[in-house]
Amino acid sequence: MPELPEVETIRQQLEALVSGAGILGGTVYLPKVIRQPSPEVFADLISNRKILSVTRRGKYLLFGLSGGYTLVIHLRMTGQLICEKEGAPPPRHTHLILHLERDRRLRFTDLRQFGRVWLLPASDTRSQAGMEKLGPEPLSPEFTETYFATRLKNSRRSLKPLLLDQQVVAGIGNIYADEALHHAGLHPNRRADGLNSREAKALYRAVKEVLREGVSHRGTSIRNYLDAEGRAGRHQDFLKVHNRAGRPCPRCGSTIEKIKCGGRGTCFCPSCQPNAR
DNA sequence: AGTCAAACCTGGGCGC
DNA sequence: TGCGCCCAGGTTTGAC
């Protein structure tokens with residue numbers, strides 16, 4: 001669930017809510033979510049540090065801490081990171097709580113237990129958590145039309161798996177890949193190197209557009225996603241194709257289809273997104 | 001380089 | 001009501 005727009009929403013909220021806050025300590029309920037260091041060392045090492053910054057890289061959240069450490073959190077499919085008052089017993093599937101100053105806590109809850117947490121020296125943050133291979137940030141100036149066109153031209157893969165490849169561009173997941181392809185009018189099975197320059201440009205613009213829209217609606221809540229204040233996002237009400245199989249395309253009225261593409265469920269409009277072959 | 005499946009997990013929805 | 005099956009927004013790994 002949490003793709004770039006969802007993680008960015010959480011980042012923005014937490015930046016306002018917890019930057020500057022001191023961490024009193026941590027409670028680990030499910031040790032395996034802590035990838036580094038060991039859970040015991042983690043709880044010890046995180047105590048009495050101050051949160052200096054909250055940033056994002058792809059789908060990773062990064063908390064810059066005092067003393068030269070970075071807390072890295074990846075929510076994977078069903079992770080939630082919620083800032084709330086201390087007191088209530090933590091809900092089911094809560095795996096980590098960071099106790100903050102002023103009677104607040106940061107709660108990591110994850111039904112499927114896929115989410116991961118690292119506490120790393122800032123100097124080797126990028127290499128340790130698997131972030132070194134990430135492609136450019138799609139909403140930053142480093143993601144240029146030329147770069148994207150080159151990646152398309154040099155790949156024989158289908159468009160859908162290419163968009164999901166975090167090494168090509170960081171932060172796109174299944175929801176926004178489907179939406180970007182519909183926005184650009186391209187079939188998910190089209191071969192990347194088969195696009196003409198007009199189509200490549202349309203896809204480049206579509207990627208940026210659908211991600212911006214997702215952020216502006218505070219993310220998409222289809223199943224589990226909640227923002228850092230525990231609220232659902234609104235973008236599910238604005239999706240054109242994703243999760244809408246069998247319903248009419250908002251653009252042309254044709255019935256949206258669902259296929260398997262690159263092993264992933266993929267929704268598209270057969271008339272807005274014709275297969276070129 | 002690419003594709004595919006499996007693995008990591010729990011829960012919801014469906015058909016029977 | 002209950003059981004079995006399939007599905008789910010991410011990522012990694014290993015086989016071909």
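Within every chain, numbering begins at 1; the chains are lettered A, B, ... in the order of the sequence lines, protein sequences first and strands thereafter.
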*Pick base, sugar-phosphate or nothing for A/Gln166, based on heavy-atom distances below 4.0 Å to the nucleic acid.*
sugar-phosphate
*Roughly how far apart, to the nearest Å, are B/dC8 and C/dC3 at atom C1'?*
25 Å
*Given B/dA5, is OP1 or OP2 found less than 4.0 Å from the side-chain N or O atoms of A/Lys260?*
no
*Spacing of OG1 belonging to A/Thr70 relative to CG belonging to A/Leu119, to within rounding of 0.5 Å*: 8.5 Å
*Could you list by number each residue of residues 111-129 of chain A showing a heavy-atom separation from DNA chain C of less than 4.0 Å, or answer none if no residue does?*
A/Arg112, A/Phe114
*asked:* Within residues 29-43 of chain A, which residues have any heavy atom lying less than 4.0 Å from an atom of DNA chain C?
replied: none
*Tell me which residues in residues 208-217 of chain A put a heavy atom below 4.0 Å from DNA chain C, sorted by number, or none.*
none
_B/dG11 OP1/OP2 closer than 4.0 Å to side-chain N/O of A/His93_ = yes
*On the 0 to 90° scale, with breaks at 30° and 60°, tag the A/His95-A/His93 ring pair as parallel, tilted or perpendicular.*
perpendicular
_Would you say A/His74 places a side-chain N or O within less than 4.0 Å of OP1 or OP2 belonging to C/dT11?_
yes
*Checking all strands, does A/Asp110 fall into the base, sugar-phosphate, or nothing category for heavy-atom contacts under 4.0 angstrom?*
nothing
*For A/Gly130 and A/Glu3, take the nucleotide of DNA chain C holding the closest heavy atom to each; which residue's nucleotide lies nearer the 5' end?*
A/Glu3
_Side-chain N or O of A/Arg76 closer than 4.0 Å to phosphate OP1/OP2 of B/dC9_ = no
*Run the ring pair (Phe, Tyr, Trp, His ring centres under 6.0 Å) check on A/Phe238 and A/His217 step by step: do they pass?*
CA-CA 9 Å; A/Phe238 297 85; A/His217 293 131; 3.7 Å; yes
*To the nearest Å, give me how far apart CG (A/Leu81) and P (C/dG10) are.*
18 Å
_Just to be sure I understand the rule, does A/Tyr176 reach a base, reach only the sugar-phosphate, or reach nothing, if contact means heavy atoms closer than 4.0 Å?_
nothing
*Give the other cluster members for A/Leu134, using side-chain heavy-atom distances under 4.5 Å between Ile, Leu, Val, Met, Phe, Trp and Tyr residues; answer none if it is isolated.*
A/Tyr60, A/Leu62, A/Val72, A/Trp118, A/Leu120, A/Met131
_Work out how far the P atom of B/dG11 is from that of C/dT11, and round it to whole angstrom._
22 Å
*Report the residue from A/Asn174, A/Ile172, A/Val241 that forms a side-chain contact (heavy atoms from CB on, under 4.5 Å) with A/Glu179.*
A/Val241
_Contact list please: residues 154-163 of chain A against DNA chain B, heavy atoms, distance less than 4.0 Å, in numerical order._
A/Ser155, A/Arg156, A/Arg157, A/Ser158
_Using a 3.5 Å limit for the pairing distances, which stems of at least 3 consecutive Watson-Crick or G-U wobble pairs does DNA chain C take part in?_
B:2-8 with C:10-16, B:10-16 with C:2-8
*Have a look at A/Gly173 and say if it touches a base, only the backbone sugar-phosphate, or nothing, with a 4.0 Å heavy-atom cut-off.*
sugar-phosphate
